[in-house]
Amino acid sequence: MRWTKSFIPTMKEDPSDAEVPSHRLMLRAGLIRQVMAGAYTYLPLGLRSLHKATNIIREEMDRAGGVEIQMTALTPIDLYERTDRIKAFGNVLMNIHVSRGDRRVHMALGPTHEEVVTDLVAKHINSYRQLPITLYQIQTKFRNEERPRFGILRTSEFLMKDAYSFSTSLEQLNEAYTAMYEAYCRIFTRCGLSFIPVEAESGPIGGDGSHEFMIPAGNGEDSILKCNSCNYGANVERADTGRKRSNTATASADMKPMTEIATPNAGSIEAVCKVLKCKPHRMIKTLIFKADGKPVAVLIRGDHDANENKIRRALGAKTIELADEHTILTVTGAPVGFAGPVGIKCDIIADHDVPLIANAVTGANKGDAHLVNVCHGRDWTLPLAADGTWQTFDLRNAAADDPCPKCDSKLGLVHGIEVGHVFKLGTKYSVALDAGYLDEKETKHPIIMGCYGIGVNRIIAGLAETCHDDNGLIWPMTIAPYEVVICPLNVNETEVMAEAERYYVELKAAGVDVLFDDRDVRAGVKFKDADLIGFPIRIVLGGKGVAAGEVEVKHRTKSDPEKYPLADGVRIVADMVRAAKQV
RNA sequence: CGGGCUGUAGCGCAGCCUGGCUAGCGCACUUGCUUGGGGUGCAAGAGGUCGCAGGUUCAAAUCCUGUCAGCCCGACCA
């Protein structure tokens, strides 16, 4: 492609409302333009990168045994009613009502396609002989984000590769899952992304039923915990801590007398700290949950965040939810915000850190009052476990410096961009949409499913976000909009242009993606634009060089160019490109 | 959905508080010359319903009310 025939609107200045690097640079480099909040047009360069990512994904999905289909973005609302996800999606689901004759048709723009694909399979797959199968598509998804932001990282319309596996057994599911997991690793590696697979909340199948693929990035919206020495990594919702139960007790000598203090209208940790001039880590936060309908007090240190999944598992409950005001009043005798373990009228479950707080501050189970110098073992007591330790649990979100659950090291908190997710779904959708198969004995079973998503735009944005310097973007060879840019320094010098044309034609013939910067602009402009866009290799042909029989080849990542004989340049560059695409 | 900020040429901004001639600057754009290895220099041009609607006033980019859009922080995110 010739620059003058393409459409590459670069910008010298930063757009004022682009904050994060990926948004700023993709705008400046002429890859994208905003249409409205959360919706972007892909210009030629951006589209080329997007296509390169989809091609890699397609190759690897096919290699992993996936079968490509294309479903519709328009989906009948009825399917979401049958799986009860209208409620789950809420405002995220983009609803459309249209009239056809005298009828009103209610549909949605698909935010994901479990329903559509499961319905398809339900209608056309009946026998165990037809399974397992993994179907996938690369298609536009729509989610009404309450707050689109960060440019391309979070949009309401985006490209997603979504795959769905259908199996007759957990073994088959695990095989499909592993195949997808490995394909994802290959895809992201080929795309030149640094990524971390982390454990995510696993849902119905349990165990290692879900992994997220995260790009470590300061602006990432997700928090993940990664062990400093072993390969353990998990998102905040999922991460276990390596903390253990203990039997240490506060020495009686250190216990100060428990006192009740009036704390009018101070029902939050923050407010109580302000009134009593204490720190959150000295407080016991008492949350009243209903576990399968039965109230239970959950004790967490004041500066920690409760983790509902951990609490649910520790209680062995099917469902848990925060208790309503009435229940709280019944159990504690106080309005919301003044609960505490001393004298509470329900079961208590505590996080590991709670009994270690000596002379703690906590609610008095009485309106507008808190207790100070509350000591475990004197003022309230946890049951003892069989080994003589206090019966405590891991009930809070993991935090930086918590011990790793897998080794002796510590966890570190990193931010990440979620670029892929693999998930063992189980039979939720196949049951709801009646997707079953007959086994050898003609017994019907629900098909066991898995789903696997990749945010294609996020591959591009994630690279832009993490691979750039002061001059602009730095693309890996596999995703770069063009692999090579040819810059003839003066388009009015016929010898230079003739040589540049030759390079252009021959590199194209050698299978290289090459952009010919044939603009009649000064060298500096071409260099600045080439750096801004981030082509991996820049070929410079100038009057002096051509006269001396030399061509200049510069890698985006290196500070100095290399010089080669004019006659060898095409072959050398073609080899460089080929080598850089090998993974 | 709560809190904050911003809408003036394609982009970045000034002017607004304290209303007043033809609304200005830099970059980009057009034409001519110039220059030709890191955003050349000179000259001449084109480009605006000052987000939109209403109000106050002799007079509104400027003051008031409403509204729309965008951005940031937080909540939310199968």
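So you know, we letter chains A, B, ... as the sequences are listed, proteins then strands, and number each from 1.
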Should the side chain of [X] and the base of [N] be counted as holding a donor-acceptor pair, with the cut-off at 3.5 Å?
X: A:E493; N: B:G36; answer: no
X: A:R24; N: B:G12; answer: no
X: A:E552; N: B:G37; answer: yes
X: A:D531; N: B:G38; answer: yes
X: A:R522; N: B:G38; answer: no

Note: A:S165 and A:T134 closest approach over all heavy atoms is CB-OG1, 3.5 Å
Using whole Å, what does the distance between atom [atom2] of nucleotide [N] and atom [atom1] of [X] come to?
X: A:M11; N: B:A28; atom1: CE; atom2: P; value: 15 Å
X: A:D517; N: B:G39; atom1: CG; atom2: P; value: 15 Å
X: A:D520; N: B:U30; atom1: CG; atom2: P; value: 11 Å
X: A:E270; N: B:G74; atom1: CD; atom2: P; value: 15 Å
X: A:K528; N: B:G37; atom1: NZ; atom2: P; value: 16 Å
X: A:E146; N: B:A78; atom1: CD; atom2: P; value: 13 Å
X: A:E145; N: B:C76; atom1: CD; atom2: C1'; value: 9 Å
X: A:E81; N: B:A78; atom1: CD; atom2: P; value: 21 Å

If only atom types and distance count, is the side chain of [X] paired as donor or acceptor with the main-chain N or O of [Y] below 3.5 Å?
X: A:D518; Y: A:T4; value: yes
X: A:Y503; Y: A:L566; value: yes
X: A:K526; Y: A:P488; value: yes

With the side chain of [X] defined as its heavy atoms from C-beta on, choose the nearest nucleotide among [options].
X: A:M36; options: B:G36, B:G38, B:G70; value: B:G70
X: A:A523; options: B:G37, B:C76, B:G39; value: B:G37
X: A:F150; options: B:C72, B:A75, B:G37; value: B:C72
X: A:E19; options: B:C71, B:G38, B:C73; value: B:C71
X: A:E13; options: B:G70, B:G26, B:G38; value: B:G26
X: A:L489; options: B:C71, B:G37, B:A75; value: B:G37
X: A:R149; options: B:G26, B:G39, B:C73; value: B:C73
X: A:F89; options: B:G36, B:C11, B:A78; value: B:A78

Which nucleotide, in any strand shown, forms a Watson-Crick or G-U wobble pair with [N], with both distances under 3.5 Å?
N: B:A43; answer: B:U31
N: B:C13; answer: B:G24
N: B:U65; answer: B:A53
N: B:G74; answer: B:C1

Mind checking the [atom1] distance from [N] to [M]? Whole angstroms is fine.
N: B:G15; M: B:C50; atom1: C1'; answer: 11 Å
N: B:U57; M: B:A43; atom1: C1'; answer: 44 Å
N: B:C64; M: B:G74; atom1: C1'; answer: 31 Å
N: B:A46; M: B:G10; atom1: C1'; answer: 13 Å
N: B:A61; M: B:A14; atom1: C1'; answer: 12 Å
N: B:U34; M: B:U22; atom1: C1'; answer: 33 Å
N: B:G48; M: B:U8; atom1: P; answer: 15 Å
N: B:C17; M: B:U62; atom1: P; answer: 9 Å

For the pair A:D14 and A:R24, find out whether any cationic side-chain nitrogen is under 4.0 Å from an anionic carboxylate oxygen.
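Answer for the salt bridge query: yes.
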Taking the basic N atoms (NZ, or NE/NH1/NH2) and the acidic carboxylate oxygens, is any pair closer than 4.0 Å for A:R2 and A:D517?
no
For a quick test of reading the model: is some side-chain N or O of A:R147 closer than 4.0 Å to OP1 or OP2 of B:C73?
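Yes, A:R147 has a side-chain N/O under 4.0 Å of OP1/OP2 on B:C73.
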If the cut-off is 4.0 Å, is A:S16 near the phosphate of B:C13, judged by side-chain N/O to OP1 or OP2?
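It does, given that an N or O in the side chain of A:S16 lies less than 4.0 Å from OP1 or OP2 of B:C13.
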Face-on cation placement of A:R143 at A:F158 ring, 6.0 Å and 45° thresholds:
no
Assert: residue with more 5' nearest nucleotide on RNA chain B, out of A:D17 and A:T10, is A:T10
Could you check A:T112 against A:R519 and say which one's nearest nucleotide on RNA chain B is further toward the 5' end?
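This one resolves to A:R519.
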Over 60° means perpendicular and under 30° means parallel, so tell me whether A:F195 and A:F213 are parallel, tilted or perpendicular.
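Tilted, since the angle between the ring planes falls between 30° and 60°.
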Less than 6.0 Å separating the ring centroids of A:Y184 and A:H421?
no
Select base, sugar-phosphate, or nothing to describe what [X] touches, counting heavy atoms under 4.0 Å on all strands.
X: A:A37; value: sugar-phosphate
X: A:V92; value: nothing
X: A:D162; value: nothing
X: A:D14; value: sugar-phosphate
X: A:R538; value: base

